[in-house]
Protein chains: 2
Amino acid sequence: MDEPKIRNMEDFATVSGISRPTVSKYFNDPQSVRESTRQRIEAALEKFDYRPNMYAVNQNRRLTKNVGIVVPYLADPFFAEIARNIENLVIETGFRPILLSSHGDPQQEINNIESLRSIKPAGVLMAPLGRLSDREQIRAFCDDVPTVLFDNSIESAGEAFFGMDNEQSIGLIVDYLCRTGEPPVFFEMRTPPNPNAFKRRNAYKGKMERLGLEPVMLQVEGEGWDFEQIGFNGASRLISEGRLPTNTVLCSNDRLAIGFLSAAFELGRKVGIEPDCTLRVAGHDDHPFSRFTCPRLTTVSQDYTSIAQKSVETLFSLIDSGQRAPSRVTTLFDGRLVMRGSA
Amino acid sequence: MDEPKIRNMEDFATVSGISRPTVSKYFNDPQSVRESTRQRIEAALEKFDYRPNMYAVNQNRRLTKNVGIVVPYLADPFFAEIARNIENLVIETGFRPILLSSHGDPQQEINNIESLRSIKPAGVLMAPLGRLSDREQIRAFCDDVPTVLFDNSIESAGEAFFGMDNEQSIGLIVDYLCRTGEPPVFFEMRTPPNPNAFKRRNAYKGKMERLGLEPVMLQVEGEGWDFEQIGFNGASRLISEGRLPTNTVLCSNDRLAIGFLSAAFELGRKVGIEPDCTLRVAGHDDHPFSRFTCPRLTTVSQDYTSIAQKSVETLFSLIDSGQRAPSRVTTLFDGRLVMRGSA
DNA sequence: ATTTATTTTTTACGCGCGTAAATTTTTAGC
DNA sequence: GCTAAAAATTTACGCGCGTAAAAAATAAAT
């Protein structure tokens, strides 16, 4: 097509008729050059399709235009959704998102932050694994790179934390369940990987006590992130052995509830609020699939749009200011009751 | 801790007592230096925690140690799972995976491959969006970068393609359904985003005709990747309007089936193979959630472990050889019947 | 101990770009 | 048309590393 092969910015500057420093200026901020100059560059850009070598560009920059996003488990649609939201917001701002999943593995999480270090990101948005996280390593990382945590917090790590208010949300659904039927028992993993689970456990306990009711925990065995299976196994045993003390079950999260509902169905227990039902099941999170369970799952929705939005906003205000946050702010969003058929 | 601040390889070479070129050699391949030298470097590495500036390293390399992974929709647990598999395999090989999702958007897909270009990856593993993909752009990209396609193919693009044999898998489940009850109707989107859907449609049609049966398509409206919702809406209408011509439904994929089952449950239609059931529903893919539907979904499993493995193997044999594939090979894996309660 | 093969060191250059300083050109204001 | 301000150009240096070539040091083998 076009005669000269463009190998670098020098070549491109020549064919566009502009000096290299000005072209460099253009690529760093197109608005920083005169209108007429911009047009000439962009005209050349159409003809020759040159793009700066990103490695050379970033070599001398203390910070790049990269933003890291770390989630604990990407195969969980909840995190996939929130990652998608965050990714788009980061792109809108003109930065390049680098999405990393820890796959539920603490070692992977360390690898991910190591990997991010070498990328020299302008900032990082991170949802830590939680219980299994190497807190010290994460704190050290947060000291070096402006980091906003979300979903679950690590004490005194990161510039800010955005999550949901488990006290509020659990209170909300416990209230609802008590108001409309028997008080709920709490169905959860005995050793959950996610610290939010502990907060919810305590929130349930506190709320029940405040209501003058006795909290009952049903703690099932299981490790890892295969929550549906763990919920299914646990519920199968509880139901078939008749060890359910009430007809109302509040699950620590929707994925456990999905397993629970599946087990209940298998065992012929009719779940729901219809007169012929013998069991009520509620979840927590408003997981993308919770509207397609049988029956459809009553739950508390996490406001992940707000979590994503606020996390990104906060990170970029830090990046723009070039400073660190004067103090670590924790922001908790309220859950919203989502009434469907299961409770 | 340690006095001298290590700013670059020069500094590190000094403190480790080795010359910079040798240190450079070590980082490119630790096995390429003498045992005693390696130990001295690694001893220094423990003390001083230096890592090469990846931007400087890659600046002059024609190819980096990066491998791109592009999936059409990461919020779909099926792709999340296959991405997870591929990521791990890539890491094992000592390369750095760069995971990108097109979020169901053709423009994003283009952005992703543009983004990959500037990273100069050694190779790319890509599952194209399919119907909406800009085939020309993808072909152009595949010409420049060694690329292996998976999940769905784009004619004459990429060095190889790995996917599943829809003819075989649909044949398998149609056979099963016909053998055990009424022949199935085919439930699908009228305009699916994924070309595999067309292959399955044709496979169903062909198989039914070969069995001397009349194929019946139930095509529901809907755009995008919100398959469960689309399946739910479509099934709700079909069931409530009594437009289901048989009692057996084969869904084009599991996510549609999940929506279908949810709708059937809502409308009080009992699904399964028990005597009191009035509907059988089967899916396709063995989606991670299909074992927790109510009833549990009978389906055909995609062998995504093999797809991931073979795709990665093929890409790395290309990368290692430094050559392009002599001819484009298409490999299709058989599906396996997964009998559960729904059909 | 000598020869030979292997590895390391020394020296030096280049990659593609950011960026600073001084100079020249263009634009805007009157 | 003149002046001041804004923008572009010229020139030059540095970043952190890869890598080539020649010299020196080390290891292995006789």
Taking the side chain of Arg20(A) as its heavy atoms from C-beta onward, which of dC15(D), dT11(C), dG18(C) lies nearest to it?
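Selected nucleotide: dG18(C).
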When only distance counts, do a donor and an acceptor, one from the side chain of Gln59(A) and one from the base of dG16(C), lie under 3.5 Å apart?
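Under the 3.5 Å cut-off, the side chain and the base do form a donor-acceptor pair.
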Phosphate OP1/OP2 of [N]: any [X] side-chain N/O under 4.0 Å:
X        : N       : result
Thr22(B) : dT9(C)  : yes
Asn8(A)  : dG16(C) : yes
Thr37(A) : dA8(D)  : yes
Asn28(A) : dG18(C) : yes
Ser24(B) : dG18(D) : yes
Tyr50(A) : dC17(C) : yes

Heavy-atom nearest nucleotide on DNA chain D for Asn60(A) versus Arg38(A): which residue maps closer to 5'?
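That would be Arg38(A).
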Angle class for the Phe78(B)/Tyr304(B) ring planes (parallel below 30°, perpendicular above 60°, tilted otherwise)?
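Rings of Phe78(B) and Tyr304(B): perpendicular, as their planes differ by over 60°.
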How are the rings of Tyr50(A) and Phe12(A) set to each other: parallel, tilted or perpendicular (split at 30° and 60°)?
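If you compare the ring of Tyr50(A) with that of Phe12(A), the planes turn out parallel.
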Is Pro21(A) touching bases, backbone alone, or none of the nucleic acid, heavy atoms closer than 4.0 Å?
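The residue Pro21(A) makes base contact.
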Met126(B) and side-chain contact (heavy atoms from CB on, under 4.5 Å): which single residue from Ile69(B), Leu116(B), Ile138(B) fits?
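Exactly one candidate clears the test, Ile138(B).
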Does a salt bridge link Lys5(B) with Asp11(B), judged by any charged N lying under 4.0 Å from a carboxylate O?
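Salt bridge absent between Lys5(B) and Asp11(B).
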Nearest heavy atom decides the nucleotide; on that basis, is Phe27(A) or Ser36(A) closer to the 5' end of DNA chain C?
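The residue closer to the strand's 5' end, by nearest nucleotide, is Phe27(A).
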